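Data first, discussion second: the structure below is written as structure tokens.
Please read all numbers here as calculations on a predicted model, not as lab measurements.
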Amino acid sequence: MYSYIKGELVEIAQDTIVVENHGIGYNIRIPGSIIDSLEGVGQEVKIYTYTYVREDAMLLYGFLTRDDLMVFKLLIGVSGIGPKGALAILSVMTPDDLRFAVLADDDKTIAKAPGIGKKTAQRLIIELKDKLSLADTFVEQEARELASGAGAKGTVRQEAVEALVALGYSSGEAMKAVNGVEISEETTVEEVLKASLRQMSLL
């Protein structure tokens, strides 16, 4: 129904915000994790939305990026996970964290979300493993880094992960290790690889 809503942020609650656009205040449910990213009441925001319709209500769910929205849609497509459960997961995990967990078969991390048990987490991994990929993570990281003027970092990360996978590590293990390495504009793939291997030896 709505692709996004752009307007003035007029209210912030624990899991909802109100965005005013042309005199209409839209009540939007959001993951608690994005509240800290909002600049505050009175600022203009652009919220990507998903409209959920049921017999007794029409609800709006909102996210700061298209990637967040895409992952939310994937989550509500999992058997046993509705919008409330999907929002709970994205309140404690970023989309990248979720990708790492799914690719590493880490049901314990996913099950930490309120209302998500071990069986539901395992089912989520089975149903989403073929729909989430490291490539998506790299694309999103590179987009964020380009926006901040640091686009070369994404390529360095990707090459380091590919090198670790070639050494026999799983994609999930490699991505977690590389993501834990601080990378600057001058950091080389070899330096990232060495730092990642050191991290892995300490796990």
Side-chain angles (χ1 to χ4, degrees), residues 1-102 109-117 120-121 123-125 127-128 130-133 135-151 154:
M1 186 173 182
Y2 303 109
S3 177
Y4 63 83
I5 294 174
K6 188 175 183 180
E8 181 184 351
L9 180 62
V10 294
E11 288 183 29
I12 302 176
Q14 185 176 358
D15 58 357
T16 60
I17 58 174
V18 176
V19 177
E20 183 177 336
N21 177 284
H22 289 88
I24 299 174
Y26 294 90
N27 191 70
I28 305 171
R29 295 170 186 245
I30 60 169
S33 58
I34 76 171
I35 289 178
D36 290 340
S37 301
L38 298 171
E39 294 186 13
V41 171
Q43 301 297 314
E44 183 176 79
V45 293
K46 181 178 182 180
I47 305 295
Y48 294 93
T49 57
Y50 176 83
T51 305
Y52 178 69
V53 180
R54 63 188 191 203
E55 289 183 4
D56 59 342
M58 185 173 74
L59 306 173
L60 276 177
Y61 292 86
F63 308 90
L64 292 180
T65 70
R66 289 188 185 277
D67 186 48
D68 292 345
L69 175 59
M70 182 273 290
V71 171
F72 175 80
K73 289 179 178 179
L74 288 176
L75 285 171
I76 62 176
V78 174
S79 303
I81 298 181
K84 185 177 179 180
L87 212 62
I89 292 172
L90 292 176
S91 290
V92 298
M93 305 178 72
T94 66
D96 284 350
D97 290 336
L98 181 64
R99 289 186 180 100
F100 302 154
V102 169
T109 296
I110 298 171
K112 290 178 181 178
I116 304 297
T120 301
R123 183 166 59 249
L124 183 156
I125 289 172
E127 294 190 26
L128 293 190
D130 293 334
K131 298 178 182 178
L132 296 173
S133 69
D136 293 332
T137 301
F138 287 128
V139 168
E140 293 305 319
Q141 283 184 337
E142 190 169 3
R144 289 192 294 269
E145 287 162 358
L146 281 170
S148 63

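To the nearest 0.5 Å, atoms CD1 (Ile17) and CG (Leu9) are separated by 5.5 Å. Expressed to the nearest 0.5 Å, how far OH of Tyr61 lies from CD1 of Ile47 amounts to 15.5 Å. Rounded to the nearest 0.5 Å, atoms CG (Asp15) and CD1 (Ile28) are 12.5 Å apart. Note: Lys6 NZ to Tyr48 OH = 9.0 Å, rounded to the nearest 0.5 Å. Note: Lys46 NZ to Ser3 OG = 7.5 Å, rounded to the nearest 0.5 Å. Going from atom CZ of Arg123 over to atom CD1 of Ile116 covers 9.0 Å, rounded to the nearest 0.5 Å.
In this structure Tyr52 satisfies the ring-ring contact (aromatic ring centres under 6.0 Å, His included) test with no other residue, sequence neighbours excluded. Legend: residues meeting side-chain contact (heavy atoms from CB on, under 4.5 Å) with Val10, ordered by chain and number and at least two apart, are Glu8, Val18, Glu20. Every residue was checked against the side-chain hydrogen bond (donor to acceptor under 3.5 Å, both in side chains) condition with Ser37, not counting sequence neighbours, and none meets it. Ser33 meets the side-chain hydrogen bond (donor to acceptor under 3.5 Å, both in side chains) test with no other residue; sequence neighbours excluded.
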Side-chain donor/acceptor pairs under 3.5 Å, residues 68-95, sequence neighbours excluded:
{"from": "Asp68", "atom 1": "OD1", "to": "Thr65", "atom 2": "OG1", "distance (Å)": "3.4"}
{"from": "Asp68", "atom 1": "OD2", "to": "Thr65", "atom 2": "OG1", "distance (Å)": "3.3"}
{"from": "Ser79", "atom 1": "OG", "to": "Glu127", "atom 2": "OE2", "distance (Å)": "3.3"}
{"from": "Ser91", "atom 1": "OG", "to": "Gly32", "atom 2": "N", "distance (Å)": "2.9"}
{"from": "Ser91", "atom 1": "OG", "to": "Leu87", "atom 2": "O", "distance (Å)": "2.8"}
{"from": "Thr94", "atom 1": "OG1", "to": "Asp96", "atom 2": "N", "distance (Å)": "3.4"}
{"from": "Thr94", "atom 1": "OG1", "to": "Asp97", "atom 2": "N", "distance (Å)": "3.0"}
{"from": "Thr94", "atom 1": "OG1", "to": "Asp97", "atom 2": "OD2", "distance (Å)": "3.1"}

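Nearest heavy atoms, Ile125 versus Ala101: CD1-O, 4.3 Å. Taking each heavy atom of Ile35 and Ile30 in turn, the nearest pair found is CG1-CD1, 3.8 Å.
Between Leu64 and Leu38, some side-chain heavy-atom pair lies under the 4.5 Å cut-off.
Test Asn27, Thr16, Thr51 against Leu60 for side chain to side chain contact (heavy atoms under 4.5 Å, CB included) and you get one pass: Thr51.
For the salt bridge (Lys or Arg N to Asp or Glu O under 4.0 Å) condition, the pairs that include at least one residue of residues 51-62, sequence neighbours left out, are Arg54-Asp56.
Atom CD of Glu39 sits in a sparse spot, with 12 or fewer heavy atoms from other residues, nucleotides or ligands closer than 6.0 Å.
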